[in-house]
Amino acid sequence: MFPRLAILALMTLPLAACDTQVMTDLRRGVGLDDAAAQPEEPTGPRPPAVSPLEQPIETGTVGRVVPTAEPVTYRTTAFVAGGNEPAWNVEVSGDMAVYRTADNQTGRQIPVNRLVFSQGVEYIGVLGGRPFVLNLRAAKCKDSMVDETYPLTARLTVNGQTQPGCAQPAAPAAPATAEAAPAAAG
């Protein structure tokens, strides 16, 4: 009689293995906790829950787009800036700036990085081991020496000194005319 009960008990054990709750209880009894097998929650920042095309990430609200960059300076990659007392001029195009002063009319080329912010753009480089920073803001600027108004306000920091000035987008390069092309070829 006992051998039949032992066989019956052994036959029910594989059937119990099919039940997930019984297996979970068995694992806990043996010390294999199921919770340890679960991945940990990430501690860093999570990706946004919605697409930025559907809802601006900056505001978190639907239907109200807040600009994060000033349109004139965001779309333009070439500028001319200048100031008086002392006289200075900076021409920026792409990732290169040419810095001119009254003492150095030929200018000095400086590699710069472009940083766009909500009110304008800033170009940052290194000149003589010190920061070279050209900050352009979308605010009208009046040059009192020539009585002219510019669309941008400039602030140049060189050798630890900040100098105010005015700026404007650089004029695009003149297109080649059809008459000049044959003359250059011949």
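In this chain, residues are counted from 1 in sequence order.
Side-chain contact between C141 and P164 is absent, with no heavy-atom pair separated by less than 4.5 Å. Side-chain atoms of F117 and N135, non-hydrogen and from C-beta on, do get closer than 4.5 Å to each other.
The side chain to side chain donor-acceptor pair (under 3.5 Å) test applied to T149 returns no partner, not counting sequence neighbours. Under the side chain to side chain donor-acceptor pair (under 3.5 Å) criterion, D147 pairs with K142, not counting sequence neighbours. For F132, the ring-ring contact (aromatic ring centres under 6.0 Å, His included) criterion is met by Y99, not counting sequence neighbours. Residues satisfying the ring-ring contact (aromatic ring centres under 6.0 Å, His included) criterion with F79, sequence neighbours excluded, are absent altogether. Here R114 pairs with Y123 under the side chain to side chain donor-acceptor pair (under 3.5 Å) rule; sequence neighbours left out.
With a 4.5 Å cut-off between side-chain heavy atoms of Ile, Leu, Val, Met, Phe, Trp and Tyr, the cluster of V133 takes in L115, I124.
Taking CG from N159 and CZ from R130, the interatomic distance works out to 5.5 Å, rounded to the nearest 0.5 Å. Expressed to the nearest 0.5 Å, how far OG1 of T76 lies from CD of Q168 amounts to 11.0 Å. Going from atom CD of E122 over to atom CZ of R137 covers 8.0 Å, rounded to the nearest 0.5 Å. Here L156 contributes atom CG and T162 contributes atom OG1; the two are 8.0 Å apart, rounded to the nearest 0.5 Å. Of the inter-residue distances, the one linking L127 atom CG with I110 atom CD1 reads 4.5 Å to the nearest 0.5 angstrom.
Smallest separation of non-hydrogen atoms from A167 and Y150: O-CB, 3.3 Å. Minimum interatomic distance between V98 and G107 (heavy atoms only, all atoms of both residues): CG1-CA, 4.2 Å. Heavy-atom minimum distance, E85 versus M145: OE2-SD, 4.4 Å. Shortest non-hydrogen contact noted between A170 and V80 is CB-CG2, 4.0 Å. Between G94 and V112, the closest heavy-atom pair is O-CG2, 4.5 Å.
A donor-acceptor pair under 3.5 Å links the side-chain atoms of Q105 to the main chain of T101, judged by distance alone.
Hydrophobic cluster membership is shared by L136 and V116, with clusters built from Ile, Leu, Val, Met, Phe, Trp and Tyr side chains linked at under 4.5 angstrom.
Counted within 6.0 Å of CG on N104, heavy atoms from surrounding residues, nucleotides or ligands total more than 12; the atom is thus considered enclosed.
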